[in-house]
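Okay, so here's the structure we're looking at.
Each chain gets a letter, A, B and so on, in the order its sequence line appears, and its residues count up from 1.
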Amino acid sequence: MTDRRRYTRIQRALLQWYAANARDLPWRRTRDPYAIWLSEIMLQQTRVPTAIPYYERFLKRFSTAAHLARARLDTILKLWEGLGYYSRARNLHQAAKEIVSRCHGRLPQTKDELLTLPGIGRYTAGAIASIAFGERTPLVDGNVERVLCRVFRIHGNPKNAAIKERLWKLAEDLLPEHEVGHFNQSLMELGSEICTPRNPRCDECPLANLCEANHHNEQDILPTRTAKKPLPSHVVVVGVIYRAGRILIDKRKPKGLLGGLWEFPGGKVQPGESLESALHREIREELDIEIEVGSEIAVVDHTYTHFHVEIHAFECKHLKGEPRPLACAALKWVRPSDLPRHAFPAANKKIIEILRVRRRH
DNA sequence: AATTCGGGGGT
DNA sequence: ACCCCAGAATT
């Protein structure tokens, strides 16, 4: 069978399967490019069920790019709270501003123009262009990568640049003349629902008889994965510092880890250092104030993408000095009941929940 | 080419 | 525990 003939069969099988099996997802009920853009940003490295409630809330609050452009970043981050990869929210906001200033509030309609906006890379540009505007352009996400590695029995590491290019070329060659949006989504849908990382449901797969991995019974070893190194661990200490019934929180700098989010001040415990002396040191270095360290109110274990932390939270009293934002973007004394108005990292929310429960007793 | 960026659900 | 998710930006 020629490649072209095989591609045609794959196209038909996928489009037919998709027409009958596509999940009813909120962003599939709209043709609004803004809404589709928003969904694609939220779905970056994020599972569909996780993104859905965020998408609904966000779209209700900001129904157009112009509304989004006018919003404060703090408001956007609060809506993004818990979704992770917070630079997405910052880039979304910046892109909305550019869409208003450069494009009269309307999203660019081509892949190449979309690529110029912050937060939109190769995948997302292809997704918006094909799904919202019908441009005949491919996309490769984690799902498509896995499907293609199996169907075409590609043994190389898909993280390798040459393999990546091969996958994009395949995705392009596979594109049908029409219905590219549905076709691209069908590839992702298959990867998500049938051609799963483990225990793929080959017995239900519309491509089973076209799949080389299936023929060679290699669906369980493809795509080849690389061994990951163990994550480093850190011990962190933070202070819930009270003064006149209010708690001192700081806003992290705009870029980097958890950029723009609020947190309880503190920092890493150094080797050989006690928790209490580390907390005194960090508060002195970052805020230039003196505190009294009280009892430990929480220990939170949390895993980020590339390290673990064990966070010890201590109740503290402010003793002297007006806090200065030496290592952060801003400082604020807030009533405990106002903590939920601010966007906090997930690890800090566990501490906030403990404070809330204590308050009710 | 590698690393940095969150958080959670499935296994 | 480990894997990976509709990846992009930075180094």
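Within the nucleic acid shown, A:Gly191 has no heavy atom closer than 4.0 Å to any nucleic acid atom. Residue A:Ser87 is classed as having no contact, given no heavy-atom separation below 4.0 Å to the nucleic acid. Within the 4.0 angstrom heavy-atom criterion, base atoms lie near A:Leu83. The residue A:Arg146 sits close only to the backbone: its heavy atoms come under 4.0 Å of sugar-phosphate atoms, none of a base. When heavy atoms are screened at a 4.0 angstrom cut-off, A:Ala51 is found touching no nucleic acid atom at all.
For the C1' atoms, the distance from C:dC5 to B:dC5 is 14 Å, rounded to whole Å. Using atom P as the reference point in both B:dT11 and C:dA6, the two lie 13 Å apart (nearest Å).
Taking 4.0 angstrom as the limit, A:His306 places a side-chain polar atom (N or O) nearer than this to OP1 or OP2 of B:dC5. Contact check, A:Tyr86 against B:dG7: a side-chain N or O comes under 4.0 Å of OP1 or OP2. Applying the 4.0 Å criterion to OP1 and OP2 of C:dA8, one finds that A:Thr124 has a side-chain N or O inside that range. Checking the phosphate oxygens (OP1, OP2) of C:dC2, no side-chain nitrogen or oxygen of A:Arg198 falls inside 4.0 Å. Remark: A:Lys229 is in phosphate contact with B:dT3, judged by side-chain N or O atoms under 4.0 Å from OP1 or OP2. For the OP1/OP2 pair of C:dC4 and a distance below 4.0 Å, the side-chain nitrogens and oxygens of A:Lys228 include at least one atom meeting the criterion. Applying the 4.0 Å criterion to OP1 and OP2 of C:dG7, one finds that A:Gln44 has every side-chain N and O outside that range.
Of the charged side-chain nitrogens involved, at least one lies within less than 4.0 Å of a carboxylate oxygen, so that A:Arg341 and A:Asp338 count as a salt-bridged pair. A salt bridge is defined here as a Lys NZ or Arg NE, NH1 or NH2 lying under 4.0 Å from an Asp or Glu carboxylate O, and A:Arg358 with A:Glu315 meets this definition. A salt bridge is defined here as a Lys NZ or Arg NE, NH1 or NH2 lying under 4.0 Å from an Asp or Glu carboxylate O, and A:Lys169 with A:Glu165 fails to meet this definition. Between A:Arg356 and A:Glu353 there is a salt bridge, since at least one side-chain N of the basic residue sits less than 4.0 Å from a carboxylate O of the acidic one. A salt bridge links A:Arg281 to A:Glu273: one of the charged nitrogens lies within less than 4.0 Å of a carboxylate oxygen.
The base of C:dC4 lies close enough to the side chain of A:Arg47 for a donor and an acceptor atom to sit less than 3.5 Å apart.
Taking the six-membered ring for Trp and the full ring otherwise, the centers of A:Phe307 and A:Tyr304 sit less than 6.0 Å from each other.
Each of A:Pro345 and A:Asn199 lies near DNA chain B, and the nucleotide nearest A:Pro345 is the one positioned closer to the 5' end. Closest-nucleotide positions on DNA chain C for A:Lys255 and A:Leu25 were compared, and the one nearer the 5' end corresponds to A:Leu25. For A:His302 and A:Ala162, each mapped to the nucleotide of DNA chain B holding its nearest heavy atom, the one lying further toward the 5' end belongs to A:Ala162.
To the nearest angstrom, P of C:dT10 lies 17 Å from NZ of A:Lys253. Atom pair A:Arg122:CZ and C:dA6:C1' shows a separation of 16 Å (rounding to whole Å applied). Atom P of nucleotide C:dC5 and atom CZ of A:Arg225 are separated by 10 Å, given to the nearest angstrom. The distance from atom CH2 of A:Trp37 to atom C1' of C:dG7 is 16 Å, rounded to the nearest whole Å.
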